[in-house]
Amino acid sequence: MVVWQLPTPLPGSSHAFKYRLALVVNGICILHYDNEAGKGDHKHKGEEEMPYKFVSPRLLLKDFWHDVDNWRP
């Protein structure tokens, strides 16, 4: 998990946070939340990528841990 505050938002994001959170099991990335310049906020569940609505760092962590808690191998 890495979350940091930037002086200005990344292109594609409306907030000034950069983040990446990942659940890796046996070397395989199961779940990954991140934002990239130009791509904006999104998450990956396995091979599937979907938009993510960033509200706050606190909610980001809550959403991530909710997905971790609901992950089943």
Quiz item: Is there a side-chain contact between Glu36 and Leu10, using heavy atoms and a 4.5 Å cut-off?
Solution: no

Quiz item: Is there a side-chain contact between Phe17 and Phe54 (heavy atoms, below 4.5 Å)?
Solution: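 SC-SC contact between Phe17 and Phe54 confirmed.
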
Please report the interatomic distance [atom1]([X]) to [atom2]([Y]), rounded to the nearest 0.5 Å.
X	Y	atom1	atom2	result
Leu21	Leu31	CG	CG	8.5 Å
His66	Leu59	NE2	CG	11.0 Å
Trp65	Leu60	CH2	CG	11.5 Å
Cys29	Glu47	SG	CD	9.5 Å

Self-check item: Heavy-atom closest pair, residues Gly40 and Ser13
Solution: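 Closest pair (atom of Gly40, atom of Ser13, distance): CA-OG, 3.9 Å.
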
Exercise. Heavy atoms only: give me the nearest His32-Arg20 pair and the separation to one decimal.
Key: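 Looks like NE2-CB, 4.0 Å.
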
Exercise. Report whether Val2 and Phe64 are members of the same hydrophobic cluster (ILVMFWY, side-chain heavy atoms less than 4.5 Å apart, transitive linking).
Key: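 No; tracing contacts between hydrophobic side chains, which count when under 4.5 Å, never links both residues.
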
Quiz item: Would you say Lys62 has more than 12 foreign heavy atoms packed within less than 6.0 Å of its NZ?
Solution: no

Quiz item: So with a 6.0 Å cut-off around CH2 of Trp71, is the heavy-atom count from everything else above 12?
Solution: yes

No-hydrogen, no-angle side-chain donor-acceptor test under 3.5 Å, [X] and [Y]:
X	Y	value
Tyr33	Asp67	yes
Tyr19	Asp41	yes
Tyr52	Asn35	no

Quiz item: Going through the distances and angles, do His15 and Leu6 end up as a side-chain contact (heavy atoms from CB on, under 4.5 Å)?
Solution: CA-CA 9 Å; His15 55 84; Leu6 304 172; over 6 Å; no

Quiz item: When you measure from the side chain of Arg58 to the backbone N and O of Val55, does any donor-acceptor pair fall under 3.5 Å?
Solution: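 Between the backbone of Val55 and the side chain of Arg58 there is no qualifying donor-acceptor contact (under 3.5 Å).
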
Practice problem: Just do the side-chain contact (heavy atoms from CB on, under 4.5 Å) check on Met50 and His42 with the steps written out, would you? | Solution: CA-CA 6 Å; Met50 61 207 74; His42 60 282; over 6 Å; no

